[in-house]
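To start, the structure itself, in structure tokens.
Every chain is numbered from 1 and lettered A, B, ... according to where its sequence line falls, protein lines coming before strand lines.
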Amino acid sequence: MSNIFGNASHDTLNPKQTEAVTLPPSNALILAGAGSGKTRVLVHRIAYLINHYGFSPYSILAVTFTNKAAQEMRHRIENLVGQNLWVGTFHGIAHRLLRMHWEQAHLNENFQVIDSEDQLRLIKRLLKEFNLDEKQTPPKSIQHFINAQKDEGRRADQIIYPNSYSHTRSDRHSDSRFDTETFIQIYKAYEALCEKSHLIDFADLLLKSYELFKFNPDLLTQYQDRFKALLVDEFQDTNRIQYLWLKILAGPKTSLLVVCDDDQSIYGWRGARVGNIAEFQKDFAPVKLIKLEQNYRSTQTILNAANYLIAHNTERLGKTLFSEDKTGNPISLFSAFNELEEAHFIASQIKQAHSQGTYQLQDFAVLYRSNAQSRVLEEALLMAGLNYRVYGGVRFFERSEIKTALAYCRLVFLREDDAAFERIINTPSRAIGEKTQSLIRDEAKLLNISLWAAALNLLKNNQLPGRASLALQNFIYLIEKLDREIQDQALYDQVEHIIKYSGLIDFYQTDDPSKAESRLENLGELVSAARTFMPENSEFDLKPSLQNFLSHAVLESGEGVESNTNQDAVQLMTVHASKGLEFPWVFISGLEEDLFPSRSSTSLVSPDNQSRLEEERRLMYVGMTRAMKNLSLTYAESRRLYGESIRHIPSRFLSEIPKNLIQVIRHKNMIRPAHSA
DNA sequence: GTTAAGGCATTTTTT
DNA sequence: ATGCCTTAAC
């Protein structure tokens, strides 16, 4: 398993690391290769600023991308300097700023954050209002459009018409059938709806907090003066708005240190701009550049292979990893007849190595390009009697029963929350059908009020048939009753009470018997989560309130599959999900053209072609550099995909690794599993 | 208001 | 092949 302390076993910093840590306060770019100890450098840098330059922890801000990275950094900083300073994700920090300055940000005090599922629901509702057909105008494409605009820092009225957005992301949906003007209109309506409902989506957290600074110069100055040092992790993954946010926040006296690895930029497809690195060097000149190229993770063989592979990319800053470790085992390569044999091979290799006692199961990771590949691998591991754990399922706070329960909490907390209203108005079913709901929506639209207020209006004016009226009355009564009952209760009592009296327990007990058990269990866990909930970061005097708990649920939705976490098990995940981790023995499977590199990165006729392929190559590079001792590569000549067998040729990436580093494993007397129907 | 049948897409994922 | 979601029929 990956060691959360990275290479903490090395007690001293190497010369390059030392140079980065002890720089005088100034702008710096740390180009940190895989396994070169970048988190360690960041943490030591913070300690150095405090201990050597006398910076107050209060004047330092460290930004990461994931909650996991933020937690780890917070933990390590506390170990080193024992101080509680401001560390968080871009979104987490933006959220906190908006909570603190909600008035200046033109927000409601009780605003709620919505996730992309809620966002999509709102968009679907708008499409209905616009009388647009979902087939002709897919809600997903609208969602993508809106998020891409916000990620670029543009409001609906700032869009440079036409097609100003098409260069950033995949433009599958930007052909003439979809009229940009319509998209902009929906974007506008969506903004209005969010404002009315006091809701804010992920992208808007950043955009709104950027605007908060932009339109409140006094506040901005206050923060610019406060932050003497800004540190950013995984800078290659920043998008436009995140860059703008950093740029506006960094004042004349702020020194900005960013850590990045352009060779590990694998999120271009969701808006990350590697170009921010060059822009940073220009905007923040002079920028001190330091390269960390010594790797503490892998054997030199693995690094050589990875170096040769990545050298095929043209868009690079340039960096070559080296290790003090011995050469190590050659990289093994296995060619299978089909995906079943491939899986069987991997399972038997693991079984064999494991039985010799050198490795635990958790020392093995099996990586793949797409999630669909995991099933065959799981079956093979199961057959071999090996425990495994698949990363990346539906996360706790994203499960439907959890989201429904939270929607009750949200509506109880804030009646204007239309997203919550729509989710629970008829769950469990209480005879408020499409007809009634549509009447409520019309009323809300007409008077520009929330769905809740619209429902009250319809009841007051007797505009509903008797049955519907009664049902709606009961629903409203239920929410108001819950609200009254939870006053003055502690958070966990509130959550427990709402779940208990919302009718959800009965509903999930009978709704789908196969899922009933796990759903009820999850609802129980939600109460436990509320019981143990304690907001991070004491500086802001956060209490375990319902509001804070709801924000936490959206912004930190937690690990995927939490079961069997403590069991020794083989780790299965996509190459993307493996970023930042390390394993003694890594398998990368499905190394075939059209799979890895993916079909869309090679076959699309677009000017983007080259960079798409380079991103795939970086992905391969990320996968390879996860390996500490052994790296095994596999591919299948034929693979069942989408119901039919397809022949594939070996991935070009295999031929980009020098032959002398590879040992080809021959088919021994292996049983070839036949394809089943 | 619930269930069956047909349509459809299907890299990667965080917040 | 499969799962998800809209639509059509009880």
Atom pair distance, as rounded to whole Å: CD in A/Glu592 and P in B/dT11: 15 Å
Check nucleotides 6-9 of chain C for protein N or O atoms closer than 3.5 Å to its own N or O atoms and list the pairs.
none

Is any NZ, NE, NH1 or NH2 atom of the basic residue among [X] and [Y] found under 4.0 Å from an Asp or Glu carboxylate oxygen of the other?
X        : Y        : result
A/Arg369 : A/Glu616 : yes
A/Glu342 : A/Arg639 : yes
A/Arg652 : A/Glu592 : no

A/Asn426 (side chain) donor-acceptor with A/Arg430 (main chain) under 3.5 angstrom: yes
A/Tyr635-A/Phe653 aromatic ring centre distance below 6.0 Å: no
Parallel, tilted or perpendicular: rings of A/Phe533 and A/His552 (30°, 60°): tilted
Within 6.0 Å of CZ in A/Arg155, more than 12 heavy atoms from elsewhere: yes
Is_stacked (A/Tyr267, B/dT13) at 5.5 Å, 30 deg: no
Atom pairs, N/O to N/O, protein against nucleotides 1-3 of chain B, distance under 3.5 Å?
from	atom 1	to	atom 2	distance (Å)
B/dG1	OP1	A/Ala431	N	2.9
B/dT2	OP1	A/Ser429	OG	3.1

A/Thr574 (side chain) and B/dT12 (base): donor-acceptor pair under 3.5 Å: no
